[in-house]
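Notes follow the structure.
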Amino acid sequence: MIIAIDGPAASGKGTLAKRLAAHYSYHHLDTGVIYRAVAHALISRGADLEDAAAAVSAARGLDPATFDNPALKSHQVGTAASVVSAIPEVRAVLVGFQRQFASQPPGAVLDGRDIGTVICPDAEVKIFVVADPKIRAHRRTLEARARGEAADEATILADILARDERDRNRAASPLKAAEDAYLLDNSHLDIEGGVRAAIDIIEAVRAGRQKV
Ligand code: DC
């Protein structure tokens, strides 16, 4: 069973995916971390984020052991990841790793931008998470401050809007809901409410499949 959770930056899809994976005892991959790791490698080497050859080489050399590096969580690395992820050759290098991860038994939850559309188009359940950009910016600001980063909410909102724009309008695997995705708007839901809504969707899909 594959569960695809897609959505824009700071929509809460990562926390949701992690909670769903724990609930069903499935593997979880936050695919944003992959692009963040590539961006971080480029920043560390002083390379240009739009240097496709350097980015492809960083993507090929990716080490999953570095995915829990706290430096990857920063807002700056997230914005850089959005730039790097628009390079089609970088995305192409990373498809195999993501599909292999998704195929692990007994199941996997992957969250990102193109899981339901490109990486796992046959996922049994696809959920597209959305939330009001102002609410996303507010949540991200609180998270950044909790990590001890100085965070200005207006700047974060502007960054989120710019990131949405870039992620939606890039030619390679743009951010968009798959036609068969369920929309989950968590603007007015807390984490528990979002998890419950997603489990309701998953259980309804499973029940429907059993009836067929
Ligand atoms: O979800 P996130 O904030 O960690 O993602 C960082 C950037 O990585 C995001 O702005 C676009 C890119 N990304 C992507 O292009 N495809 C994915 N499946 C996941 C992330």
Side-chain angles (χ1 to χ4, degrees), residues 2-18 20-21 28-43 49-50 52 55-56 58-59 62 64 66-102 108-121 123 126-131 133 136-137 139-141 143-144 147 149 151 156-178 181 184 186 194:
I2 297 175
I3 301 175
I5 309 286
D6 288 302
S11 58
K13 63 188 179 335
T15 307
L16 175 63
K18 202 185 280 178
L20 291 175
H28 170 233
L29 181 64
D30 164 6
T31 62
V33 163
I34 304 176
Y35 298 95
R36 285 170 181 261
V38 174
H40 187 254
L42 292 179
I43 294 168
L49 292 174
E50 296 188 35
V56 165
L62 212 59
T66 64
F67 288 174
D68 58 4
N69 179 354
L72 301 187
K73 287 193 191 299
S74 81
H75 192 67
Q76 181 218 0
V77 172
T79 303
S82 175
V83 175
V84 163
S85 69
I87 302 171
E89 296 87 342
V90 169
R91 306 197 72 85
V93 168
L94 301 170
V95 169
F97 171 75
Q98 294 174 79
R99 288 197 178 140
Q100 206 167 358
F101 188 95
V109 185
L110 280 77
D111 69 271
R113 302 290 188 289
D114 62 340
I115 308 305
T117 50
V118 175
I119 304 296
C120 301
K126 301 177 185 178
I127 299 177
F128 195 81
V129 185
V130 292
R136 287 189 272 144
R139 291 175 181 158
R140 241 331 121 88
T141 305
E143 280 167 21
R147 284 196 302 270
E149 289 174 33
I156 290 191
L157 175 60
D159 271 10
I160 280 180
L161 292 174
R163 186 124 70 98
D164 284 0
E165 177 81 7
R166 188 163 45 229
D167 292 350
R168 284 201 183 103
N169 294 312
R170 67 181 178 222
S173 307
L175 165 69
K176 69 165 186 241
L184 197 168
N186 68 14

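Just follow the structure's listing: the first ligand is 1, and inside any ligand the first atom is 1.
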Before you tell me yes or no, could you show the steps for Tyr35 and Arg91 under side chain to side chain contact (heavy atoms under 4.5 Å, CB included), namely the whole-Å CA-CA distance, both residues' side-chain angles and the distance that decides it to 0.1 Å? CA-CA 9 Å; Tyr35 298 95; Arg91 306 197 72 85; 3.4 Å; yes
Please step through side chain to side chain contact (heavy atoms under 4.5 Å, CB included) for the pair Asp6 and Lys13, ending with a clear verdict. CA-CA 7 Å; Asp6 288 302; Lys13 63 188 179 335; 5.7 Å; no
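Close N/O approach between Arg36 and ligand 1 is found [any backbone or side-chain N/O within under 3.5 Å]. Between Gln98 and ligand 1, no pair of N/O atoms sits closer than 3.5 Å.
Using a cutoff of 4.0 Å between basic side-chain nitrogens and carboxylate oxygens, Arg136 and Asp164 are scored as salt-bridged.
Using a 4.0 Å cut-off to heavy atoms of Ser82, the atoms of ligand 1 that qualify are 7 (C), 10 (O). Close approach to Gly32 involves these atoms of ligand 1, each under 4.0 Å from a residue heavy atom: 4 (O), 5 (O), 19 (C), 20 (C). Contact atoms of ligand 1 toward Asp167: 9 (C), 10 (O), 11 (C) (distance under 4.0 Å to a heavy atom of the residue).
Protein heavy atom closest to atom 1 (O) of ligand 1, with residue, atom name and distance, is Arg113 NH1, 2.8 Å. The nearest heavy-atom contact from the protein to atom 12 (C) of ligand 1 is Ser85 OG, 3.4 Å. In terms of protein heavy-atom proximity, atom 15 (O) of ligand 1 is closest to Arg91 NH1, 2.7 Å. The protein heavy-atom contact nearest to atom 8 (O) of ligand 1 is Tyr35 CB, 3.6 Å. Of all protein heavy atoms, the one lying nearest to atom 7 (C) of ligand 1 is Ala81 CB, 3.7 Å.
Closest to atom 19 (C) of ligand 1 by heavy atom, among Asp30, Ile34, Thr31, is Thr31.
Contact detail for Ile156 and Ala151: the closest heavy-atom pair is CD1-CB, 3.9 Å. For Leu49 against Ala39, the heavy-atom pair with the smallest separation is CD2-O, 4.2 Å.
Rounding to the nearest 0.5 angstrom, the gap separating the CD1 atom in Ile160 from the CG atom in Asp167 is 11.0 Å. To the nearest 0.5 Å, atoms CZ (Arg113) and OG1 (Thr31) are separated by 7.5 Å.
Using modelled atom types, one finds no donor on one side chain facing an acceptor on the other under 3.5 Å when comparing Arg163 with Ser82.
With a 4.0 Å heavy-atom cut-off, ligand 1 is reached by the side chain of Arg170 but not by its N, CA, C or O. In Arg163, the part holding a heavy atom less than 4.0 Å from any atom of ligand 1 is the side chain. Neither the backbone nor the side chain of Arg166 has a heavy atom within less than 4.0 Å of ligand 1.
Atom CD of Glu50 has 12 or fewer neighbouring heavy atoms from other residues, nucleotides or ligands inside a 6.0 Å radius.
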